[in-house]
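Working notes for the structure below.
So you know, we letter chains A, B, ... as the sequences are listed, proteins then strands, and number each from 1.
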Amino acid sequence: MKTLVIITGPTAIGKTKAAIETAKYFNTEIVSADSRQIYKELSVGTAVPSPADMESVRHHFIHTHSIHDSINASWYETEAIELLESLFLKYNTVVLTGGSMLYIDAVCKGIDIVPDIDPELRKNLKVQLEEKGLEHLRLQLKKLDQKYYQQVDLKNPARIVHALEVCLMTGKPYSSFRKAEPKKRSFNILKTALNCERAKLHTRINHRVDEMISNGLEEEALRMFPLRHLNPLNTVGYREFFEYFDGKISKVKAIELIKRNTRRYARKQLTWFRNDSEYTWFRPEEIKKLIKFIEITIQNQ
RNA sequence: GGUGCCAUAGCUCAGUUGGUAGAGCAACGGACUGAAAAUCCGUGUGUCCCUGGUUCAAUUCCAGGUGGCACCA
């Protein structure tokens, strides 16, 4: 039986190392579920696996696309499933690692299909949001999709805008596309995650950010500065430097904010993963125990 | 050694004419279906330094202690 082993956890916990050792043990390859490491233009700020790491085990979806490509969770689902189908022709076990919660869910459960959104429409709604306010969009949504209107977070512009996009694009309510039925996969899924005490995690995060700074994050961010409007650059580590380049904050402040925002990101990840009872948790130094657990679980399937 | 000032949340500080307290930052919890490292919602977490005194009641007033800072020797 084919098994997809998921190794996730908060940022900076040590997923890369655990995934590489696991993949080596099972003599297989790694599929990345990281919404930022996929971009070839980003390296320092996303802490991509090192060249040595990349050489020791074959990785997928690392530096394979450009920040100019339009990539999202649904696209990732399609691509990842296609890749996994082909990998499972060669391997019984494949490792999926990364911290992008929605991307992992896209592979495990799938995302309901909605039509592609015309970029002009998206832009238009963005302008409406800025000029006429959220309430204006909310009223439109109320008319077009009563059902979703009642369940959506009415204070969240991203949700309102997306629902409206779909309604206007298709002429059908957004809720009619939301099946929320997990898709069947042709492989088993084994979910594992790493975590440690919060104070330790914060120390790891702070160290990692300091490392990024000495590895040239500022220079990388400066190269990206002209492209700041692209969604992939709305990312911790870059946007704080953009503020610094704008003269809005000091460099010291920018670095402080990168640390804080990374901590908050880690917390958000933990909230998401904790909520999924299918995860079995390990400490970052328990890689051997993790591998043993995977081996035994696969045997018993 | 002497004198003065200070001691309240993780940090910086406010406050209580005596009725056990609140801001900013940090932190913490939650939502999440095509932007997800995105977007949004929520929450004070406290031996008010210690001991004794006055008082119905002390974080607040008084005394002593401890620690910190400043100045004088």
Could you list, one pair per line, each protein nitrogen or oxygen that sits under 3.5 Å from a nitrogen or oxygen of nucleotides 26-30 of chain B, together with the distance?
residue	atom	partner	partner atom	Å
B:A26	OP1	A:Arg260	NE	3.3
B:A26	OP1	A:Arg260	NH1	2.2
B:A26	OP2	A:Arg264	NH2	3.3
B:A26	O3'	A:Arg263	NH1	3.0
B:A27	OP1	A:Arg263	NH1	2.2
B:C28	OP1	A:Arg198	NH1	2.8
B:C28	OP2	A:Arg267	NE	2.7
B:C28	N4	A:Arg267	NH1	3.4
B:G29	OP1	A:Arg198	NH2	3.3
B:G29	OP1	A:Arg274	NH1	3.4
B:G29	OP2	A:Arg198	NH1	3.3
B:G29	N7	A:Arg267	NH1	3.4
B:G30	OP2	A:Thr271	OG1	3.2
B:G30	OP2	A:Arg274	NH2	2.5

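- Helical stems in RNA chain B, defined as runs of 3 or more consecutive Watson-Crick or G-U wobble pairs with donor-acceptor distances under 3.5 Å: B:1-7 with B:66-72, B:10-13 with B:22-25, B:27-31 with B:39-43, B:49-53 with B:61-65.
- Looking at residues 229-245 of chain A, you'll see A:Asn231, A:Asn234, A:Thr235, A:Val236, A:Arg239 sit with a heavy atom under 4.0 Å from some atom of RNA chain B.
- Across residues 176-184 of chain A, A:Arg178, A:Ala180 each have a non-hydrogen atom less than 4.0 Å from an atom of RNA chain B (numbered order).
- Here the separation of B:U33 from B:C50, taken at their P atoms, is 49 Å to the nearest Å.
- For A:Lys155, whose side chain is taken as the heavy atoms from C-beta onward, the closest listed nucleotide among B:C40, B:G34, B:C32 is B:C40.
- For the pair A:Ile81 CD1 and B:U33 P, the interatomic distance rounds to 19 Å; values are reported in whole Å.
- Residues of residues 113-137 of chain A that place a heavy atom closer than 4.0 Å to RNA chain B, in numerical order, are A:Ile113, A:Val114, A:Asp116, A:Arg122.
- Rounded to a whole angstrom, the distance from the C1' atom of B:G24 to that of B:U45 is 16 Å.
- Contact annotation: A:Tyr103 side-chain N/O to B:A36 OP1/OP2 distance is under 4.0 Å.
- Of the residues in residues 162-175 of chain A, A:His162, A:Tyr174 come within less than 4.0 Å of RNA chain B through at least one heavy atom, sorted by number.
- Going from atom CD of A:Glu256 over to atom P of B:C11 covers 16 Å, rounded to whole Å.
- B:U33 atom P lies 14 Å from atom NZ of A:Lys147, rounded to whole Å.
- One interatomic measurement links the two molecules: CZ of A:Arg159 to C1' of B:U33, which rounds to 9 Å at whole-angstrom precision.
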